[in-house]
Amino acid sequence: MKKVKFRSFIPAILFLIFVLISYIVGYKNGMESGKEFAQIIWEMLKLLPPAFILIGLFEVWVSRETVITHLGENSGIKAYLLALLLAGITIGGLYVAFPIAQSLHKKGASLKVIFAYLGFAGVFRIPMNVFEISCMGLSFTAVRLAVTIPLFLLIGIVMGHILKKKNYKLKEN
């Protein structure tokens, strides 16, 4: 197991000291930062455990052969449509999308599909789009999706192709 160095915790410790001092001296911006930080941590603690349980169930229940068939190198356009659908229903944004991508990679999904999925997960979550439509309007959301979805599809294909050409392999833990 890799040893964690104390230096990596220094920014977090300094932030916590800043928040503590802000509460002692009554510095409003520091207190607000602490409240916002605590709220974000609380939201993550509510969201991540169920998401990781579902990822664990995916690891156990979905076979490697199924992933290779539907999301592997020879799966075609269907793989990108499945990646778009998966990204649309992914809750938690990229906090959850990266562990899903790791799981897909271990099961044999193509790097092209994984990169496309990560891009799609950043821009195509259904709850986010519904909220955006209510705030910005349908035409804005449609234009944004019409630009970003093909762009992330292209980026995924190009990045996957380049890394495959260089025989790139992710390090295993």
Side-chain angles (χ1 to χ4, degrees), residues 1-59 80 83-106 109 111 113-156 158-160 162-163 168 170-173:
M1 187 169 171
K2 199 174 192 181
K3 191 190 280 189
V4 178
K5 295 184 180 176
F6 177 74
R7 281 189 309 215
S8 60
F9 292 104
I10 290 176
I13 292 168
L14 289 175
F15 175 74
L16 292 175
I17 290 170
F18 167 72
V19 170
L20 180 65
I21 291 172
S22 296
Y23 273 96
I24 291 170
V25 299
Y27 181 59
K28 285 188 178 193
N29 290 340
M31 292 188 299
E32 279 297 313
S33 295
K35 287 178 188 175
E36 289 294 322
F37 178 74
Q39 185 177 4
I40 290 169
I41 294 296
W42 178 245
E43 290 298 318
M44 286 177 56
L45 288 174
K46 290 190 305 188
L47 173 75
L48 292 180
F52 287 139
I53 288 170
L54 290 174
I55 292 169
L57 292 173
F58 171 80
E59 288 274 339
Y80 298 105
L84 185 63
L85 176 66
L86 180 61
I89 61 173
T90 299
I91 58 164
L94 294 174
Y95 294 120
V96 176
F98 279 110
I100 290 174
Q102 172 68 20
S103 180
L104 290 172
H105 179 70
K106 285 195 299 188
L111 282 177
V113 174
I114 291 171
F115 285 128
Y117 163 72
L118 288 171
F120 296 158
V123 298
F124 187 68
R125 291 185 314 277
I126 292 171
M128 179 186 78
N129 288 321
V130 170
F131 176 74
E132 185 178 278
I133 289 169
S134 68
C135 292
M136 305 295 287
L138 180 61
S139 58
F140 175 84
T141 303
V143 168
R144 184 185 62 80
L145 291 175
V147 170
T148 56
I149 289 173
L151 184 64
F152 280 115
L153 177 63
L154 179 65
I155 289 170
V158 169
M159 284 179 64
I162 290 170
L163 292 176
Y168 178 80
L170 287 178
K171 293 180 181 176
E172 295 296 325
N173 291 345

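What's counted below: heavy atoms across the whole structure, side chains too, no hydrogens, waters or symmetry copies.
Looking at every heavy atom in both residues, Leu94 comes nearest to Ala121 through CD2-CB, 4.3 Å. Scanning all heavy atoms of the two residues, the minimum distance from Leu118 to Ala101 falls at CD2-CB, 3.8 Å.
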Side-chain donor-acceptor distances from residues 31-50 under 3.5 Å, at least two apart:
residue: Ser33; atom: OG; partner: Asn29; partner atom: O; Å: 3.0
residue: Glu43; atom: OE2; partner: Lys46; partner atom: NZ; Å: 3.3

Which atom pairs, one a donor and one an acceptor, fall under 3.5 Å between side chains of residues 132-155 and the rest of the protein, sequence neighbours left out?
residue: Glu132; atom: OE1; partner: Arg144; partner atom: NE; Å: 2.9
residue: Glu132; atom: OE2; partner: Thr141; partner atom: OG1; Å: 2.9
residue: Glu132; atom: OE2; partner: Arg144; partner atom: NE; Å: 2.9
residue: Glu132; atom: OE2; partner: Arg144; partner atom: NH2; Å: 3.3
residue: Ser134; atom: OG; partner: Phe131; partner atom: O; Å: 2.7
residue: Thr141; atom: OG1; partner: Gly137; partner atom: O; Å: 3.2
residue: Arg144; atom: NH1; partner: Val123; partner atom: O; Å: 3.1
residue: Arg144; atom: NH2; partner: Val123; partner atom: O; Å: 3.2
residue: Arg144; atom: NH2; partner: Asn129; partner atom: OD1; Å: 2.6
residue: Thr148; atom: OG1; partner: Arg144; partner atom: O; Å: 2.8

With a 3.5 Å cut-off and sequence neighbours excluded, list the donor-acceptor pairs that the side chains of residues 83-92 form with protein atoms.
residue: Thr90; atom: OG1; partner: Leu86; partner atom: O; Å: 2.6
residue: Thr90; atom: OG1; partner: Tyr117; partner atom: OH; Å: 3.1

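Take Ile17 and apply the side chain to side chain contact (heavy atoms under 4.5 Å, CB included) test, not counting sequence neighbours, and it matches Ile13, Ile21. Applying the side chain to side chain contact (heavy atoms under 4.5 Å, CB included) test to Ala116 and every residue at least two apart in sequence or in another chain returns Tyr80, Phe120. A search for side chain to side chain contact (heavy atoms under 4.5 Å, CB included) contacts involving Ile53 returns Leu57, not counting sequence neighbours. Take Ile55 and apply the side chain to side chain contact (heavy atoms under 4.5 Å, CB included) test, not counting sequence neighbours, and it matches Phe52, Val96, Pro99, Ile100, Ser103.
Listed by first then second residue, pairs satisfying side-chain hydrogen bond (donor to acceptor under 3.5 Å, both in side chains) with a partner in residues 10-26 number zero, not counting sequence neighbours. Identified under the salt bridge (charged side-chain N to carboxylate O under 4.0 Å, His left out) test for residues 83-92, with sequence neighbours left out: none. Within the structure, no pair that satisfies the salt bridge (charged side-chain N to carboxylate O under 4.0 Å, His left out) test touches residues 10-20, not counting sequence neighbours.
Looking at heavy atoms from C-beta onward, Ile114 lies out of side-chain contact with Gln102 at the 4.5 angstrom threshold.
Within 6.0 Å of OH on Tyr95 lie no more than 12 heavy atoms contributed by other residues, nucleotides or ligands.
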Practice item. With side-chain contact (heavy atoms from CB on, under 4.5 Å) as the test, would you mind laying out the steps for Phe115 and Val158 before giving the verdict? Key: CA-CA 9 Å; Phe115 285 128; Val158 169; over 6 Å; no

